[in-house]
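What follows is a single structure, written as structure tokens, with notes after it.
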Amino acid sequence: MGRKRWLVRFMEGISLWMAMLLVLFVQPLYAEANTDNEDSAGTLHFLDGKGQWQEPALVLGSDFDVRVSGLIADSKLVRTFKNTSDDWREGVFVFPLPEKASVYGLTMKVGGRTIVGEVQPRAEAKKTYEAARDSGRHAATVEQQRPNLFTTRVANIPPGAEVSVELSYQQLVSYRDGVFELSVPTTLTPRYIPGESLAVAPQQWQGGWAVPTTEVLDADAISPFTVDVDDVAADSHRASVKFTIDAGLPLAQVFSPSHQVATQQDGQVVTVEPQAGDIVMNQDFVIRWQPFAGQEPGAAVFHQQWEGEDYLLAMLVPGRAGKTRLPRELTFVIDTSGSMAGESIRQAREALQLGLETLVPGDRFNVIQFNSQPHALFMQPEMATANNLARARQYVNGLKADGGTEMASALTLALQGQGKSAGEMPEDAARVRQVVFMTDGAVGNESALFSQIRRQLGDHRLFTVAIGSAPNMHFMREAARWGRGSYTSVQDLADMSGPLARLFAAMEAPVMTDIQVTWPGQSAAAMEDSFPQRPGDLFQGEPLLQVVRGVASAGKLSVSGRLPGGGSWQQSLDLQQAASGTGLNRYWAREKIDSLLDDARIEGQEPDKERITKLAVAHNLMSPYTSFVAVDKTPVRAAESALLKDNLPTLLPAGSQPGMVRYPQTATFAPLMIALGLLGLMLSAAIVLLQRRAYP
């Protein structure tokens, strides 16, 4: 009898100890397997057979060579994939490019051989690449996921060897208030993926950390693994960067808000490189240059002939027309989602505080924060009194970053959801209604948000402020364009005052509307080939850019508009003074493609895929429906040799919190479910034994 009692107590003790151990075991399993919210999505490490973090077998190197001539920047980006393993490898790398980049060339180099790529329809390029990969030939392809997000695939990289892929792309230089700016993005902030999952998570993740959803069908293609710099090889994810700037006018200064730079000048040509040499690819490289006072361009025109066609690019900067300040209703919207944690939320709070300082008596305002849902400081916009401003400053200081990035509900609240202000008078109808949207733009459903902005905008104007070291500039630029506003970006707290001061000064300045552009002898066909076809409103210090095909460099370009109070403005530009330009045909083709996509979005129709594809192929451009592919002719990998895939990660943007890391995931909920089942059995056994002890 005593032995039986001892055995029962022994079993009770073992059961309770096992239950406690399982509780401790289940907690980290739950923390790792829970991928439903943004802060924990995909945070399981990719493990090798020994349970250790396994670095990618491919070492990634990058070389940016950017040459600026006037308003066009032409770039050569060389990606080098070095295979450090004993196996044949296929490398897959998702990467950002400038938001209006026109990719026009692909060249692959391997073993002393150079293979020039060509543009093909996207589906055809995919088949060409896969056939070459499967047959053991060297191959590379680049396809567009978003206007600023691309994927490179490189097949059959030999053990211990290197393969390099060179991309050629061009972009327009940004200009505002006498300052030129150019950005080289090197990484991206993990994007929030809204919607319901369309498929059960696979046993092993093959592409990105996210799965397709009802709102982002290609979520797996735009969610590359994001790791800390210590998680890759010491010589991986580094880049050399060189700018050669020929602005066409003497420069007072060349500087970077993101990196320490060294400059050399030869006449009007300035060469710029990072002081530290190669840089870590964890933040955008931003370069700015400024002409001497009085040398700012008031007008410029460039001409190119390509395949028998004339192309013209004109820039006009309207002079300042005084400062007739109108009362405003200003709504600040600040992103407080998890992707903003760390340096980004500090930047956003500081930017918002600077915005509050621009309010004067007579203005109305409100502050809206959003993450998984929006929250407004006031029920409706309130007067900018000292008491209300003090409440707003205190409210902003207490904002923290956490949760999802549900922009749609925040936009609705800012543009439609606020009631009329208390005590609103009839004269308030003349108020300028402005919305300032501060975010990193880390969302995957950009197209749906642009459509929402167009539907809900009304008489508002939407201004965007890009926050963080690697914001989604495509979203920032296009949201402002659809919102009839403007956009700017800040890199860090030290860089805050300049860009924001220019933005807020533009918002206070009167808007020039009803802009009309007339090219000499302009035919109906030329009118269809002039972009933008419907120029938006202009704020002081902003240039008007127009590109046209089929108009010779003769006669005068006439531009007119309406100033506040009904006054008219007109200026002309002599096209005979056009300077020689390059790449204008590609810039025009990019604008034409964007126009066709915009028209389809406005009309709620499918884009003219055939027309866009034909246009992209004619100008050798990548587009949503075309890709570049380069294929060698001779097989190099034997059929019996396995080909392993490496999905190369991007680096966590500088200033981000560790919770934004997105490691490859191999585990699923299965271990968690097994552990929970065992825990239940152990607890049940313990309860049964205790009951028998209490009631023998």
Side-chain angles (χ1 to χ4, degrees), residues 77 79 90-108 114-135 137-156 165-171 207-208 212 216-222 306-307 309 444 446-447 474 528-529 531 549 583 585-601 603 605-633 645:
L77 168 57
R79 302 281 195 199
E90 176 189 17
V92 181
F93 185 53
V94 179
F95 62 96
L97 284 180
E99 71 275 8
K100 296 291 274 187
S102 299
V103 179
Y104 66 89
L106 169 69
T107 302
M108 178 174 62
T114 298
I115 302 98
V116 178
E118 63 177 2
V119 172
Q120 294 181 0
R122 185 164 177 163
E124 181 181 332
K126 181 180 179 181
K127 291 180 180 178
T128 301
Y129 171 79
E130 291 178 346
R133 178 196 63 193
D134 297 343
S135 64
R137 291 175 288 163
H138 292 303
T141 184
V142 179
E143 62 182 3
Q144 176 181 313
Q145 310 297 348
R146 295 288 188 277
N148 66 334
L149 195 62
F150 299 79
T151 299
T152 292
R153 290 179 173 83
V154 185
N156 295 309
V165 177
E166 179 182 292
L167 275 184
S168 300
Y169 68 90
Q170 72 175 43
Q171 67 190 107
V216 188
L217 299 177
D218 61 348
D220 56 332
I222 65 169
W306 182 79
E307 294 193 353
E309 289 276 11
E446 297 99 325
S447 183
H474 167 60
E528 289 186 2
D529 285 341
F531 301 102
R549 182 183 71 170
N585 68 299
R586 290 189 288 267
Y587 177 67
W588 173 87
R590 171 60 57 197
E591 292 294 304
K592 179 74 172 182
I593 290 172
D594 288 347
S595 175
L596 293 172
L597 294 171
D598 283 349
D599 290 344
R601 183 182 291 121
E603 296 170 5
Q605 300 177 352
E606 285 295 315
D608 190 338
K609 181 177 178 180
E610 182 178 352
R611 187 177 180 188
I612 292 173
T613 299
K614 184 177 179 181
L615 185 63
V617 170
H619 290 266
N620 209 45
L621 287 177
M622 193 180 304
S623 74
Y625 308 119
T626 53
S627 299
F628 271 97
V629 63
V631 174
D632 202 357
K633 295 181 179 179
K645 180 188 289 188

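The CZ atom of Arg601 sits 9.0 Å away from atom CG of Asp594, with the distance rounded to the nearest 0.5 Å. Interatomic distance, Leu597 CG to Tyr625 OH, rounded to the nearest 0.5 Å: 6.0 Å. One finds the OG1 atom of Thr107 at 9.5 Å from the CD1 atom of Ile115 (value rounded to the nearest 0.5 Å). Interatomic distance, OG1 of Thr151 versus CZ of Phe95, reported as 7.5 Å (0.5 Å rounding). Atom-to-atom distance recorded for Tyr169:OH and Leu77:CG is 6.0 Å, nearest 0.5 angstrom. Atom CZ of residue Phe628 and atom CE of residue Met108 lie 14.0 Å apart, to the nearest 0.5 angstrom.
Here the shortest heavy-atom pairing between Glu90 and Ala155 reads CG-CA, 4.2 Å. Taking both residues in full, the closest heavy atoms of Ser627 and Thr141 are given as CB-OG1, 4.4 Å, listed atom of the first, atom of the second, then distance. Pro607 and Ile612 get closest at one heavy-atom pair: CB-CD1, 4.1 Å. When all heavy atoms of Ser623 and Ala616 are compared, the closest pair comes out as OG-CB, 3.8 Å. The two residues Leu615 and Ala589 come nearest to each other via the heavy atoms CD2-O, 4.0 Å. A pairwise comparison of heavy atoms in Gln170 and Gly583 identifies NE2-O, 2.7 Å as the closest pair.
Between the side chain of Gln145 and the main chain of Ala221, no donor-acceptor pair closer than 3.5 Å is present. A donor-acceptor pair under 3.5 Å is formed between the side chain of Thr626 and the backbone N or O of Leu621. Without hydrogens or angle criteria, Arg122 side chain to Thr613 main chain gives no donor-acceptor distance under 3.5 Å. Thr128 places a side-chain N or O within 3.5 Å of a backbone atom of Glu124 that can act as its donor or acceptor partner. The backbone N or O of His619 sits nowhere less than 3.5 Å from a side-chain atom of Trp306 that would complete a donor-acceptor pair. Although no hydrogens or angles enter the test, the distance criterion places a donor-acceptor pair under 3.5 Å between the side chain of Asn156 and the main chain of Arg137.
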Go through the steps for Asp218 and Arg146 under the test side-chain contact (heavy atoms from CB on, under 4.5 Å), then give the verdict.
-> CA-CA 10 Å; Asp218 61 348; Arg146 295 288 188 277; 2.6 Å; yes
Please step through side-chain contact (heavy atoms from CB on, under 4.5 Å) for the pair Leu149 and Val94, ending with a clear verdict.
-> CA-CA 7 Å; Leu149 195 62; Val94 179; 4.0 Å; yes
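Salt bridge status for Lys126 with Glu143: absent, with no side-chain N to carboxylate O gap under 4.0 Å. A salt bridge does not link Lys592 to Glu528: none of the charged side-chain nitrogens sits closer than 4.0 Å to a carboxylate oxygen.
Shown here are the ring pair (Phe, Tyr, Trp, His ring centres under 6.0 Å) partners of His474, two or more places apart in sequence or in another chain: Phe450.
Between Glu591 and Lys100, the closest side-chain pair of non-hydrogen atoms falls below 4.5 Å. Within the 4.5 Å cutoff, the side chain of Leu167 has heavy atoms near those of the Leu106 side chain.
For Glu603, the CD atom sits in a packed shell: over 12 heavy atoms of surrounding residues, nucleotides or ligands are nearer than 6.0 Å.
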